[in-house]
Number of protein chains: 2
Amino acid sequence: MARWQPNARGRLERAAFELFVEQGFQATTVPQIAERAGLSTRTFFRHFADKRDALFAEEHAVPEQAARIIAEAPASLGPLQIVADGFDAVAAAQFSREKSYYIARHRIIQSDDGLRERQLRMPAALVEALRTGFEHRGVDPVDATLAAHLTATVFSVSIGRWLASPSDEPLAALLRDTFDRMRRTASS
Amino acid sequence: MARWQPNARGRLERAAFELFVEQGFQATTVPQIAERAGLSTRTFFRHFADKRDALFAEEHAVPEQAARIIAEAPASLGPLQIVADGFDAVAAAQFSREKSYYIARHRIIQSDDGLRERQLRMPAALVEALRTGFEHRGVDPVDATLAAHLTATVFSVSIGRWLASPSDEPLAALLRDTFDRMRRTASS
DNA sequence: ACAAGTGATGGCATTGCGTGACATCAGAAT
DNA sequence: ATTCTGATGTCACGCAATGCCATCACTTGT
């Protein structure tokens, strides 16, 4: 018989999310989360650097996929061509839960300054992943940085539109549309 | 005779900066900062929300100036035209200390995860200021958001180039150059 | 098969952050 | 002269976060 229940990290994530919904982020303490997950407070901090991190367990997926797409792209393509071609794959692979989950999560994040700040790390990590990916292809450093920022902008704005959209516009379509509008805005 | 020494906030800022340079950010405690400034710990937290904030006292200046420039711009100009025209004024008004100060500050920020995260709030606040400024002029919300992100990108990348530049390229020139390159990158 | 090693966890102690509540008192206001 | 205001000090406290050591099911090596 196993000594511990499986998936400690996942249980902590779930317990944290539930408690944040029920009581709010600030009102829930780490001991509460740990208790609901059947673990000790100390173990929570072995899996997450801080209380906020339990809400951002999946944030590494996007930068990682972006880095993979860039690394595998044909050498002939420029940065923004790779990006435009890669949006469909990203939209298909990420945000695979029910949309209501992401909306509830978004509400929690907006309710707390620390969480809003924490959320900024994902686009920043995406920029970093894109920038190094482009640089490794020989793109000029400044151009790589700019292309990375433009891409992260399209991504962030698209997520915002997706979350705010009352209809069910697919993320892929919003990414393409936002990308086109970004280009038009830039050259206006 | 005055009951308290003047400029408590400024003394706290200065004490914090000195201690961060001398000992590093993590090794410095708030009681240490307060003691050097001749104030109590409690007073520190009346002026700053947390220990990191003492390094970001000036961060409101940029979004505020940006909002002012947009509000006062001729109605005929589009978002990015306003921005291009406003860079000179921003470069003249901001970053007025010795460059070595900003380099030292940058080194401190890079040394700590919490500070790196905290630093992301300025560009985010800038985006927000720009976005609302553009929206108040009647710009479509998505276009306003995109123009705000593009502007913040140019600003952030320019600051990065300025800090990394061994020569003394003026910030205004870097802003103009980065703006042009951003446009070229977007339409590539 | 037995011994030693591994790794995830629990428990405890500790430090420092951040906040609420109340007191103090110079200078301003009336 | 009295009251008010506002920045500060003092004290107490809860919680976040980390270091250290013990535990013990499972794995590895001999």
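Naming: A, B, ... by sequence-line order, numbering from 1 per chain. In what follows, every heavy atom counts, from backbone to side chain, and hydrogens, waters and symmetry copies are set aside.
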Nearest non-hydrogen partners of Gln65(B) and Ala93(B), listed with the distance:
NE2-CB, 3.5 Å
Short N-O contact, Asp50(A) and Arg118(A), less than 4.0 angstrom:
no
Side chains of Gln23(B) and Thr28(B): any donor to acceptor distance under 3.5 Å?
yes
Give the rounded distance in Å between these two atoms: CG of Asp112(B) and P of dA17(D).
13 Å
Does a side-chain N or O from Thr43(B) land closer than 4.0 Å to OP1 or OP2 of dT8(D), or not?
no
Could you check if a side-chain atom of Ser158(A) sits within less than 4.5 angstrom of a side-chain atom of Val154(A), using non-hydrogen atoms only?
yes
Under a 4.5 Å side-chain heavy-atom rule over Ile, Leu, Val, Met, Phe, Trp and Tyr, are Val127(A) and Val139(A) clustered together?
no
For Asp113(B) and dA17(D), what is the distance between atoms CG and C1' respectively, to the nearest whole Å?
14 Å
Atom CZ of Arg52(B) and atom P of dA16(D): how far apart are they, to the nearest Å?
16 Å
Would you call Glu58(B) and Arg97(B) a salt bridge, using N to O less than 4.0 angstrom?
yes
Among residues at least two apart in sequence or on other chains, which ones pass side-chain contact (heavy atoms from CB on, under 4.5 Å) with Arg9(A)?
Glu13(A), His47(A), Phe48(A), Ala57(A)
Which residues in residues 44-51 of chain A have at least one heavy atom lying under 4.0 Å from any atom of DNA chain D?
Phe45(A), Arg46(A), Ala49(A), Asp50(A), Lys51(A)
Using 4.0 Å as the upper bound for N to carboxylate O, is an ion pair formed by Arg183(A) and Asp180(A)?
no
Whole angstrom is fine here: how far is it from CZ in Arg118(A) over to P in dA16(D)?
17 Å
What residues from residues 15-41 of chain A pass a heavy-atom cutoff of under 4.0 Å to DNA chain C?
Gly38(A), Leu39(A), Ser40(A)
Pairs flagged by ring-ring contact (aromatic ring centres under 6.0 Å, His included) wherever residues 90-116 of chain B is involved - sequence neighbours left out
Phe17(B)-Tyr101(B), Phe95(B)-Tyr102(B), Phe95(B)-Trp162(B), Tyr102(B)-Trp162(B)
Side chains of Phe134(B) and Ile70(B), heavy atoms from C-beta outward: is any pair under 4.5 Å?
yes
Can you check the Arg42(A) CZ to dT18(D) P distance for me, whole Å?
8 Å
Could you tell me whether Asp112(A) and Arg52(A) make a salt bridge, using a distance below 4.0 angstrom between a side-chain N and a carboxylate O?
no
Is the Lys NZ or Arg CZ of Arg107(B) less than 6.0 Å from the centre of Phe20(B)'s six-membered ring, within 45° of the axis?
no
Write down the protein N/O and nucleotide N/O pairs, taken from nucleotides 4-6 of chain D, whose separation is under 3.5 Å; answer none if there are no such pairs.
none

Taking only N/O atoms, report every protein-nucleotides 28-30 of chain C pair under 3.5 Å with atom names and distance.
none

Cluster overlap Phe56(B) with Leu163(B), hydrophobic side-chain contacts below 4.5 Å
yes
